[in-house]
Amino acid sequence: MILTLKKPTKKIAPVIKWSGSKRQVAPYLSQFIPTSKKYIEPFIGGGAMLPFRGTKNGLAGDIIPELIGLWQIIRDEPEKTAMEYEQRWNKLQKEGHEVYYAVRDSFNKERNIFDFLFLTRTCVNGLIRFNSRGDFNNSFHLTRPGIHPNTLKKIINTWSYYLQGVELKTIDYRETLAVASKGDFVFLDPPYGGTKGRYTKETLSIDDFFKELERLNQVGAKWMLTFDGKAGKRQYEYPIPTNIYKHKLLIKTGNSPFTKTMKTTIDAVYESVYLNFQPPLELLTESNEIRQQKATLF
Ligand SMILES: C[S@@+](CC[C@H](N)C(=O)[O-])C[C@H]1O[C@@H](n2cnc3c(N)ncnc32)[C@H](O)[C@@H]1O
């Protein structure tokens with residue numbers, strides 16, 4: 001079934017900008033999240049779905065230690081995190097871009113998480129990028145001063161609140177999934193196709209991944225998987241065995257300019273979403289009014 005995102009939905013300002021983030025579709029997808037004992041997210045990245053999880057009890061993992069470190073300080077030390085950013089940002093405004101490169105060198109040696117946060121908010125387009133040696137290698141965004149500390153402080157405090165009750169771990173997704181049991185809900189947004197290897201050298205074995213989904217079915221955990229999609233005639237889909245899931249949605253998320261044989265066309269972009277459970281029928285109509293979702297407040 002193809003569903004169209006008809007209305008702009010409430011979006012939450014990201015605290016960690018992550019390319020491939022589900023920020024645009026998170027308020028919409030959140031309508032499909034059932035109540036659960038525990039919310040589990042094994043590929044957390046920028047965590048766009050987390051605030052919508054609907055139960056306080058959460059477990060989130062990712063393979064990148066610096067990313068999980070950043071999530072942990074935001075959850076546990078929001079005041080200190082905001083202050084550390086402010087100190088570096090003030091120095092940057094006074095002394096210029098060399099501050100950025102000094103922080104970057106220092107981060108690549110010491111892996112200080114506050115340095116990491118500063119880099120993510122002052123680098124070109126906020127793109128978190130590591131080279132093959134694992135060093136952060138994006139450059140300073142010359143034409144922008146970086147997010148103002150007062151603005152970031154508010155965002156950090158909001159996210160610290162959203163993160164309460166979420167255990168955060170640097171682990172492979174299979175370890176995260178090992179704790180899932182009956183009554184839990186798992187949101188899966190794995191790296192795939194175009195994003196494979198963007199942050200790490202690791203690639204994901206699709207066969208192993210499918211086995212994990214089957215195992216979740218067996219233990220009785222519900223899951224939602226976002227997986228590729230299509231733009232115009234280009235398909236990005238890996239065939240997912242039809243016996244693994246119960247329901248597939250194609251969600252129209254917008255249009256993307258695509259240059260083809262010297263002329264630019266505008267292609268509709270769809271996100272594929274798979275569920276291993278039947279969602280409420282009222283969510284499955286073209287006329288479904290997109291509710292102005294608010295993040296769940298605990
Ligand atoms: C598409 S991103 C998730 C984006 C996230 N949903 C968001 O809204 O920002 C996929 C994430 O999976 C992580 N990842 C890649 N391989 C992994 C593995 N084997 N185990 C756990 N996480 C992994 C990547 O580091 C990346 O953060």
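Please read these numbers as outputs of a predicted model, since none were measured by experiment. Numbering of residues begins at 1 and proceeds along the displayed sequence. Just so you know, ligand 1 is whichever comes first in the structure, and atom 1 is the first atom listed for that ligand.
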- Of the choices Ile63, Val25, Thr176, which has the non-hydrogen atom that lies closest to atom 17 (C) of ligand 1? Ile63
- Task: Identify whether the distance between the nearest side-chain nitrogen and carboxylate oxygen of Glu41 and Arg53 falls below 4.0 Å.
- Result: no
- Item | Proximal ligand 1 atoms for Ile64, defined as those under 4.0 Å from one of its heavy atoms | 25 (O)
- Message: One residue to check: Trp18. Relative to ligand 1, which of side chain, backbone, both or neither has a non-hydrogen atom less than 4.0 Å away?
- Response: side chain
- Could you check Phe136, Phe107, Phe140, Trp89 and say which one makes a ring-ring contact (aromatic ring centres under 6.0 Å, His included) with Tyr100? Phe140
- Message: I'd like to know if Lys211 pairs up with Glu214 as an ion pair, taking the criterion as any Lys NZ or Arg NE/NH1/NH2 lying under 4.0 Å from an Asp or Glu carboxylate oxygen.
- Response: no
- Task: May I ask you to check if ligand 1 and Lys22 share an N or O to N or O distance below 3.5 Å?
- Result: yes
- Message: Which of the numbered atoms in ligand 1 are under 4.0 angstrom from any heavy atom belonging to Asp172?
- Response: 18 (C), 19 (N), 20 (N)
- Message: Out of all atoms in ligand 1, which are within 4.0 Å of some heavy atom of Gly45? Include the element for each.
- Response: 9 (O), 27 (O)
- Assign the ring pair Trp71 / Trp159 to parallel, tilted or perpendicular, where the plane angle (0 to 90°) is split at 30° and 60°. tilted
- Which one of Asp62, Leu67, Ile128 has a non-hydrogen atom at the shortest distance from atom 13 (C) of ligand 1? Asp62
- Please state which part of Pro42 comes within less than 4.0 Å of ligand 1, counting heavy atoms only: side chain, backbone, both or neither. backbone
- Message: Using a strict threshold of under 4.0 Å (side-chain N to carboxylate O), is an ion pair present between Lys169 and Asp62?
- Response: no
- Item | Ionic contact status for Arg111 with Glu66, cut-off 4.0 Å | yes
- Could you pull out, from Thr226, Ile171, Ile44, the option with a heavy atom nearest to atom 5 (C) of ligand 1? Ile44
- Query: Can we say Asp184 and Lys222 salt-bridge, meaning some charged N sits less than 4.0 Å from an Asp/Glu carboxylate O?
  - Reply: no
- Message: Can you confirm whether Lys246 is buried at NZ, in the sense that more than 12 heavy atoms of other residues, nucleotides or ligands lie under 6.0 Å from that atom?
- Response: no
- Query: If you measure from each non-hydrogen atom of Asp189 to ligand 1, which part falls under 4.0 Å: side chain, backbone, both or neither?
  - Reply: both
- Task: From atom 9 (O) of ligand 1, work out which of Ser19, Gly46, Ala48, Gly61 has a heavy atom at the shortest distance.
- Result: Gly46
- Note on the structure: Note: ligand 1 atoms sitting under 4.0 Å from heavy atoms of Pro191 are 10 (C), 12 (O), 15 (C), 16 (N)
